[in-house]
Structure formats: C-alpha cells, structure tokens
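Letters A, B, ... are given to chains in the order of the sequence lines, protein chains preceding strands, and every chain is numbered from 1. Owing to the predicted nature of the structure, the values given are computational and were not obtained by experimental measurement.
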Amino acid sequence: MPELPEVETTRRGVAPHVVGRHVAELHVYDRRLRWPVPANLRSRLRGRTIEAVERRSKYLLFRMGANTLLMHFGMTGSLRVYRSPPPRRLHDHVDLVLDDGTTLRYHDPRRFGAMLWLRGSGETHPLLRDLGPEPFDPAFDARYLWRKSRGRRAAIKLLLMDNRLVVGVGNIYANESLFRAGIRPSVPAGRVSLARAARLVTEVRNVLTEAIAKGGSTLRDYVDSRGEPGYFQLEYFVYDRAGAPCHVCGKPIRSTRHGQRASYYCPGCQT
DNA sequence: CTTTGCACCTGTTGGC
DNA sequence: TGCCAACAGGTGCAAA
C-alpha cells in the first residue's frame, strides 16, 4: 500500500545504505512494470554515485550526478536492502548492486510500479511536472485547500486524492484524515468551509505523521527496506472497518464508494 | 475545464 | 472442494 508514509519509511531505511556508494551492477529480471524498465538502464547506472535518496509524492528519487533514477511502488511494490541477497523469489524483478555488495531488490507482484531514468532532477518530467504541494509543505494550508475546492462539486475525498491538489494521500489516509476532521467523504468539495478545510489540513498531516512513526501500514504486501511490516493499520478508525463500532461513538462504520474506491466513515462523528 | 470509468496485473477472498 | 466474480493500496489516460 505504498502511500506517502510507506514510501517515506522505505526512503529512510534505504538511504543510509546507499548514499555515497557507487552502482556496481544492475540486474533486470523482468522489465514489464507499468512502463518497461529502460533497456539501457544498466549502462546508464553502472559506475554512478548515489548522492541522495529523496521522495516526491509517492516517488522515490535516487540522485545520481545530474540525473535521477525514479522508482514507484504502485500498489504492491517494495524495495529491500540486503548485505548479501538471498536467492530470488517470485516477483523479484530488479537487483541494484552497490560497490560494497549491498543489494537493493525491487519486488512487485502486480507490477503497477515503475523504474525510470530521468534527465536532470526530473522536475519537468510529465510524472512530476503537475504534482501539487507535499502535505507538509506550508503551501498546503487551509486557504489553499479552500480556494482550490471552490466551485468543485466532486466529493471532498476525491479532491484529497487528486495529486494535482496535494500529493501522497491515497485511499487509506484520505479516509482516516476525513474521519479525524469530522467530514463525510461525500461532502461536495465546494461546500467545505474554511474552518473545516483548516481542520482537514491539520488532520492529513497528523495522520501521515503518525503513520510514518509506525512504519506505515501493511495490509498484505508492504514491507520496509528490512522486510518489516508497518503497524499503522492497527490505528485505523474507519478504513476497512465497515459494520464495526466506531472507536469514538460506537456507531457502526459505514462503507460506500467514491470513484470506484472504497470509502468508510462514521455516521455519528462525520458530517 | 471537470468528472467518470477503464486500464494495467496478480493474488486473495467470499459466495455459491 | 472447486469455480468464479469481486476486490485490493496507485495513477495515467480516454471519453463524456
């Protein structure tokens, strides 16, 4: 479920093992990801130094000289660090081997992820160009959210998940943020008041901060760079809790759908 | 422009 | 037990 907290947890786990190291080898066992892994990626990467590992939205960005290796984990991807890698398992698609033998292994059963080589910082690449602010960027504040939502009839939850407005908030954390803010996911965005927009911004940040502290959420596939699951799923108020009693008021959590995605809310706590 | 629905692909679950 | 449909965390794209 790599949303922002899972990608950030992976980034923090990977960075200390790779920053300052050179790429010794790249093995691509299956290039059929969301877009094919570029055929020349091996020759591009070999010998380069990884200067930094950054995150933008749900993308992991390995800075190498003037250029950037972009990774995305789709819905089921993960990236593990091995001092010496065990035998490959099903759906292990790429190994990036460093000069000290450390191996980054990319695993993605559903292959919705991506691995691309970007010119420069990649800012102008179509995948990154139109992204909205990071949730922790001061630019993402109540007035911004309020202004952007004026005149929009779509459900507030859909706006929250629109990465042109704000990045990193996927289905799980959208549901949880809206619960904490006391806002039903179905509320038309244009009818969210400035005060409630402020509450929502605060709760998006709170949820993401807490999730990062718990190592993200593991529903099925996600593991961090050491192979450890996250634990934030134990803290959910509404996600995947249809019919179960609200932890705050006891009413049964309801489920519905917005844009083909499952939504959950408490009829007592959210208006 | 906004909004909607589908597509990518594999794996798991629940109903019959 | 076996089969099949529905669904799963993301997001780009076409179409309305």
Side-chain angles (χ1 to χ4, degrees), chain A residues 1-10 29-37 55-60 70-79 89-94 106-116 122 125-132 135 147-178 185-191 207-208 211-212 214-224 229-236 238-243 255-264:
Chain A
M1 73 240 36
E3 296 187 30
L4 185 149
E6 293 74 31
V7 178
E8 180 61 22
T9 300
T10 298
Y29 306 109
D30 191 341
R31 61 178 72 259
R32 298 173 304 163
L33 301 184
R34 175 165 193 150
W35 301 283
V37 177
R55 179 191 58 72
R56 174 77 171 106
S57 186
K58 299 169 188 171
Y59 299 101
L60 207 52
L70 172 148
M71 276 190 210
H72 191 270
F73 299 112
M75 297 220 282
T76 53
S78 58
L79 185 68
R89 303 212 291 170
L90 189 62
H91 306 310
D92 287 339
H93 302 314
V94 179
Y106 181 88
H107 177 90
D108 186 3
R110 228 169 139 183
R111 304 205 315 270
F112 281 7
M115 198 170 300
L116 297 173
H125 189 279
L127 289 176
L128 303 179
R129 191 180 52 201
D130 302 320
L131 294 176
R147 183 168 46 80
K148 287 285 194 180
S149 56
R150 293 311 88 187
R152 299 288 297 272
R153 282 184 296 182
I156 185 64
K157 176 167 178 264
L158 289 172
L159 255 76
L160 212 46
M161 295 177 65
D162 181 345
N163 63 21
R164 290 166 302 182
L165 188 91
V166 62
V167 301
V169 184
N171 198 35
I172 293 173
Y173 298 110
N175 278 298
E176 293 296 315
S177 305
L178 286 162
S186 56
V187 172
R191 304 229 313 266
V207 165
L208 295 175
I212 291 168
K214 297 274 180 180
S217 299
T218 295
L219 301 186
R220 179 165 303 138
D221 300 280
Y222 173 74
V223 290
D224 70 12
Y231 294 97
F232 188 70
Q233 68 279 6
L234 304 175
E235 318 281 326
Y236 291 169
V238 291
Y239 184 79
D240 204 23
R241 295 195 65 244
S255 68
T256 173
R257 293 185 86 74
H258 295 101
Q260 295 98 251
R261 316 302 304 281
S263 295
Y264 303 90

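To the nearest angstrom, P of C:dT11 lies 18 Å from CZ of A:Arg111. In this structure, the CG atom of A:Leu127 is 16 Å from the P atom of C:dG10, given to the nearest Å. Summarising the geometry, the separation between CD on A:Gln260 and P on B:dT3 is reported as 14 Å, rounded to the nearest angstrom. Rounding to whole angstrom units, CG of residue A:Asp162 and P of C:dC13 are separated by 14 Å. A straight line from CG of A:Leu158 to P of B:dT2 spans 13 Å, rounded to a whole angstrom. Summarising the geometry, the separation between CZ on A:Arg220 and C1' on C:dG10 is reported as 15 Å, rounded to the nearest angstrom. Remark: C1' of C:dA8 and CG of A:Asp108 are 13 Å apart, rounded to the nearest angstrom. The nearest whole Å value for the distance from the CH2 atom in A:Trp35 to the P atom in B:dA7 is 17 Å.
Taking each heavy atom of A:Val223 and A:Pro229 in turn, the nearest pair found is CG1-N, 4.4 Å. Between A:Leu131 and A:Ser57 the shortest heavy-atom distance is CD1-CB, 3.8 Å. Of all heavy-atom pairs between A:Pro185 and A:Ser263, the closest is CG-CB, 4.2 Å.
Between C:dG10 and A:Arg261, a contact under 4.0 Å exists linking OP1 or OP2 to a side-chain N or O. An OP1 or OP2 oxygen of B:dG11 is reached within less than 4.0 angstrom by a side-chain nitrogen or oxygen of A:His91. Proximity of A:Arg257 to the phosphate of C:dA8: a side-chain N or O atom is located under 4.0 Å from OP1 or OP2. At the phosphate of C:dT11, OP1 or OP2 sits under 4.0 Å from a side-chain N or O atom of A:His72.
Closest to the A:Lys58 side chain, of the nucleotides B:dG5, B:dT10, C:dT11, is C:dT11. When distances are taken from the side chain of A:Glu3 to each of B:dG5, C:dG12, C:dG10, the shortest belongs to C:dG10. The side chain of A:Tyr239 lies closest to C:dA8 when the candidates are C:dA8, C:dG10, B:dT3.
Spacing of P atoms, C:dA5 relative to B:dA7, comes out at 16 Å, to the nearest Å. Rounded to whole Å, the P atom of B:dG5 lies 14 Å from the corresponding atom of C:dC7. Taking atom C1' on both nucleotides, C:dA6 is separated from B:dC6 by 16 Å, rounded to a whole Å.
In this model, a side-chain donor or acceptor of A:Arg110 finds a partner on the base of B:dC9 within 3.5 Å. With hydrogens and angles left out, the side chain of A:Arg34 and the base of C:dT11 share a donor-acceptor pair within 3.5 Å.
Here A:Arg153 lies in heavy-atom contact (under 4.0 Å) with sugar-phosphate atoms only. Residue contacts shown for A:Leu33 are absent, as no nucleic acid heavy atom lies under 4.0 Å away.
With hydrogens and angles ignored, the 3.5 Å screen pairs no side-chain donor or acceptor of A:Glu8 with any backbone N or O of A:Arg55. Side chain of A:Asn171 to backbone of A:Ala262: a donor-acceptor contact under 3.5 angstrom is found.
The aromatic ring of A:Phe112 sits over the base of B:dC8, with ring centres less than 5.5 Å apart and planes tilted by under 30°.
Using cut-offs of 30° and 60° for the angle between ring planes, the A:His93 and A:Tyr106 rings count as tilted.
Of all nucleotides present, only B:dC6 satisfies the Watson-Crick or G-U wobble test against C:dG12, with each distance under 3.5 Å.
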